[in-house]
Amino acid sequence: MPVTSDVDRPETAPDGPALPVNELFASLQGEGKLAGVPSTFVRTSGCNLRCWFCDSYHTSWEPTHAWLSVAGVVSEVHARDPSHVVLTGGEPTIHDESFELLRRLGDEYHLTVETNGTVVPPADVPIDLASVSPKLASSTPTPERAPDGADAGDWAERHEAARVGVDALATLVDRYDSQLKFVVTGRDDVAEVVDLVERVRAAASVPVPDTGVLLMPEGRTREQLAGTRTTVAELAAEYGFRYTPRIHVDLWNDAPET
Ligand SMILES: C[S@@+](CC[C@H](N)C(=O)[O-])C[C@H]1O[C@@H](n2cnc3c(N)ncnc32)[C@H](O)[C@@H]1O
Ligand SMILES: Nc1nc2[nH]cc(C(=O)O)c2c(=O)[nH]1
Ligand code: SF4
Ligand SMILES: [Mg+2]
């Protein structure tokens with residue numbers, strides 16, 4: 001149910017809890033330690049950051065969505081086969097209704113939340129895998145590095161101020177089965193990964209193994225990934241971190257609903 005399909009697109013939310021949904025589809029989890037697992041993806045719109053490379057431009061730089069009731073999202077999930085649900089965005093945790101959705105799905109599905117790690121959900125929210133992707137300095141938009149046609153405005157400062165909260169990251173790691181999945185643009189990014197992982201370890205109460213730290217190559221398209229993946233895989237091997245491919249990009253490039 002992408003916004004490009006023929007679904008109703010009311011401009012305001014229906015009565016009751018509702019979410020701005022950019023797309024809802026079944027695919028294979030393409031990233032991280034559950035890569036390859038059939039999953040239903042719910043992609044909310046709206047984000048508190050503005051990564052210059054965001055592969056979901058229509059949830060961040062130019063938010064686009066249909067408003068769906070939480071009950072309607074549950075029905076759409078029920079209508080699909082996978083036992084795993086991935087709630088992503090945009091940044092799903094900026095919407096309280098995301099937490100209500102997770103509560104309503106928790107008994108029936110394995111729940112992964114893809115998050116930038118800046119927001120801690122209420123303690124009662126069921127999450128089976130917190131897939132946390134803290135943002136490095138190389139994600140910050142600059143006049144030279146912003147999506148085509150986007151107005152970065154004051155987002156360089158806002159993004160930089162909000163992109164990392166060590167206490168929030170430590171709480172997520174303490175509370176949930178988790179992975180720290182860093183988008184790596186090149187060799188210069190790794191010192192910051194090492195430093196941030198050490199800061200999270202110092203603040204967390206549970207161990208953060210190197211195998212829970214995933215390096216993911218930056219790239220929205222096959223062509224872009226071809227330019228980053230070998231370097232990033234070699235960095236993972238060198239530093240003892242885990243490498244994650246982006247198998248949906250390999251398989252379907254940057255097609256929507258994949
Ligand atoms: C679109 S984000 C949505 C969830 C959340 N806002 C976040 O950033 O984790 C989903 C995943 O895609 C990753 N991602 C976004 N753009 C990317 C790019 N150009 N290359 C590689 N990964 C990217 C994010 O880091 C995150 O792991
Ligand atoms: N197949 C597939 N796997 C994914 N894993 C995380 C995704 C995301 O955008 O959060 C994603 C996505 O967009 N597609
Ligand atoms: S935090 Fe996630 S959704 Fe937001 S701009 Fe960055 S990659 Fe896109
Ligand atoms: Mg994606």
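Nothing here was measured: the structure is a model prediction, and the numbers come from that model. Atoms within a ligand are numbered from 1 in the order they appear, just like the ligands themselves. For this chain, numbers begin at 1 and follow the sequence in order.
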same_hphob_cluster(Y176, L129) at 4.5 Å side-chain heavy-atom cutoff = no
ask   = With atoms numbered from 1 as shown, which atoms in ligand 1 lie under 4.0 angstrom from a non-hydrogen atom of T115?
value = 5 (C), 7 (C), 9 (O)
key: Distance filter under 4.0 Å to K181 heavy atoms, resulting ligand 1 atoms   = 27 (O)
message = Using a 3.5 Å cut-off on N or O atoms only, is K135 in polar contact with ligand 1?
response = yes
ask   = Hey, which residues fall under 4.0 Å of ligand 2 on heavy atoms?
value = S27, L28, Q29, G30, E31, F41, R43, T88, E114, H248, T258
remark   = Nearest non-hydrogen protein atom to atom 23 (C) of ligand 1, with distance, is R246 NH1, 3.6 Å
message = Is there a side-chain contact between S178 and L172 in this structure, where contact means two heavy atoms from C-beta onward sitting under 4.5 Å apart?
response = no
message = Using only atom types and a distance under 3.5 Å, with no angle test, would you say the side chain of T88 pairs donor to acceptor with the backbone of V42?
response = no
query = Near D81 CG, under 6.0 Å, is it more than 12 heavy atoms from other residues, nucleotides or ligands?
reply = no
inquiry  = Are V113 and M216 connected into the same hydrophobic cluster when the rule is that any two of I, L, V, M, F, W, Y join if their side-chain heavy atoms are below 4.5 Å apart?
reply    = no
inquiry  = Checking the N or O distance criterion of under 3.5 Å, is ligand 1 in contact with G219?
reply    = yes
request  = State if P217 counts as touching ligand 1 under the rule of any non-hydrogen atom under 4.0 Å.
outcome  = yes
ask   = Purely on distance, is any nitrogen or oxygen of R43 under 3.5 Å from one on ligand 1?
value = no
inquiry  = Give me the atom names and distance for the closest heavy-atom approach of L251 to R222.
reply    = O-NH2, 2.9 Å
remark   = In this structure, OG1 of T211 is separated from NZ of K33 (nearest 0.5 Å) by 7.5 Å
query = Cluster question for you: counting only ILVMFWY and a side-chain heavy-atom cut-off of under 4.5 Å, with indirect links fine, are V173 and L214 together?
reply = no
task = Below 4.0 angstrom from a heavy atom of M216, which ligand 1 atoms are there? Numbered from 1 as shown, please.
result = 13 (C), 22 (N), 27 (O)
task = Give the residue, atom name and distance (to 0.1 Å) of the protein heavy atom nearest atom 10 (C) of ligand 1.
result = T88 OG1, 3.9 Å
remark   = Quick note on ligand 1: atoms under 4.0 Å from a heavy atom of G89 include exactly 1 (C), 3 (C)
message = So, using side-chain hydrogen bond (donor to acceptor under 3.5 Å, both in side chains) as the criterion, who are the partners of T171 when residues are at least two apart?
response = none
request  = Can you establish whether the number of heavy atoms outside E108 located under 6.0 Å from its atom CD is more than 12?
outcome  = yes
query = Regarding E91 and N48, is there a side-chain donor-to-acceptor distance under 3.5 Å anywhere?
reply = no
query = ligand 1 and E114, any nitrogen or oxygen pair closer than 3.5 angstrom?
reply = no
ask   = For atom 25 (O) of ligand 1, what's the nearest protein heavy atom and its distance?
value = S133 OG, 2.7 Å
task = Could you grab the protein N, O or S atoms closer than 2.8 Å to atom 6 (Fe) of ligand 3 for me?
result = C51 SG
Solution key, residues 241-249 side-chain donor-acceptor pairs under 3.5 Å, sequence neighbours excluded:
from	atom 1	to	atom 2	distance (Å)
T244	OG1	G32	N	2.7
R246	NE	G219	O	3.1
R246	NH1	E31	OE2	2.8
R246	NH2	D55	OD2	2.8
R246	NH2	G219	O	3.3
H248	NE2	E31	OE2	3.3

task = Give the C-alpha distance, both sets of side-chain angles, the deciding distance and a yes or no for side-chain hydrogen bond (donor to acceptor under 3.5 Å, both in side chains) between N22 and S56.
result = CA-CA 9 Å; N22 174 266; S56 301; over 6 Å; no
note = In I127, V125, L105, the residue satisfying side chain to side chain contact (heavy atoms under 4.5 Å, CB included) with L111 is L105
request  = Return the residue, atom name and 0.1 Å-rounded distance of the protein heavy atom closest to atom 5 (C) of ligand 1.
outcome  = E91 OE1, 3.4 Å
task = Give the single entry among V132, T185, D55 that approaches atom 16 (N) of ligand 1 most closely by any heavy atom.
result = D55
request  = Grab the two heavy atoms, one from S133 and one from V183, that are nearest each other, plus how far apart they are.
outcome  = OG-CG2, 4.1 Å
task = Decide yes or no on side-chain hydrogen bond (donor to acceptor under 3.5 Å, both in side chains) for T140 and E160, but give the supporting numbers first.
result = CA-CA 6 Å; T140 303; E160 196 52 37; 2.6 Å; yes
key: Interatomic distance, F53 atom CZ to R220 atom CZ [nearest 0.5 angstrom]   = 9.0 Å
key: Residues D154, R50; criterion salt bridge (charged side-chain N to carboxylate O under 4.0 Å, His left out); working and verdict   = CA-CA 10 Å; D154 56 1; R50 289 292 184 278; over 6 Å; no
ask   = Quick check: does S56 get an N/O under 3.5 Å from an N/O on ligand 1?
value = no
query = Where do T112 and H84 land on the side-chain hydrogen bond (donor to acceptor under 3.5 Å, both in side chains) test, with the steps shown first?
reply = CA-CA 8 Å; T112 295; H84 285 54; over 6 Å; no
inquiry  = Residue-level breakdown please: for V183 versus ligand 1, do any non-hydrogen atoms fall below 4.0 Å on the side chain, on the backbone, on both, or on neither?
reply    = side chain
query = Which atoms of ligand 3 have any heavy atom of G90 under 4.0 Å away?
reply = 3 (S)
task = Distance to 0.1 Å, residue and atom name: give those for the protein heavy atom nearest to atom 6 (N) of ligand 1.
result = G90 O, 2.9 Å
ask   = Does ligand 1 have a heavy atom under 4.0 Å from the side chain of Q224, from its backbone, from both, or from neither?
value = neither
query = Which residue holds the protein heavy atom closest to atom 11 (C) of ligand 1, what is that atom called, and what is the gap in Å?
reply = E31 OE1, 3.9 Å
query = Which one of Y57, W52, F53 has a non-hydrogen atom at the shortest distance from atom 17 (C) of ligand 1?
reply = F53
request  = Evaluate salt bridge (charged side-chain N to carboxylate O under 4.0 Å, His left out) for R163 paired with E192, printing each intermediate quantity in order.
outcome  = CA-CA 13 Å; R163 70 181 167 81; E192 191 184 350; 3.1 Å; yes
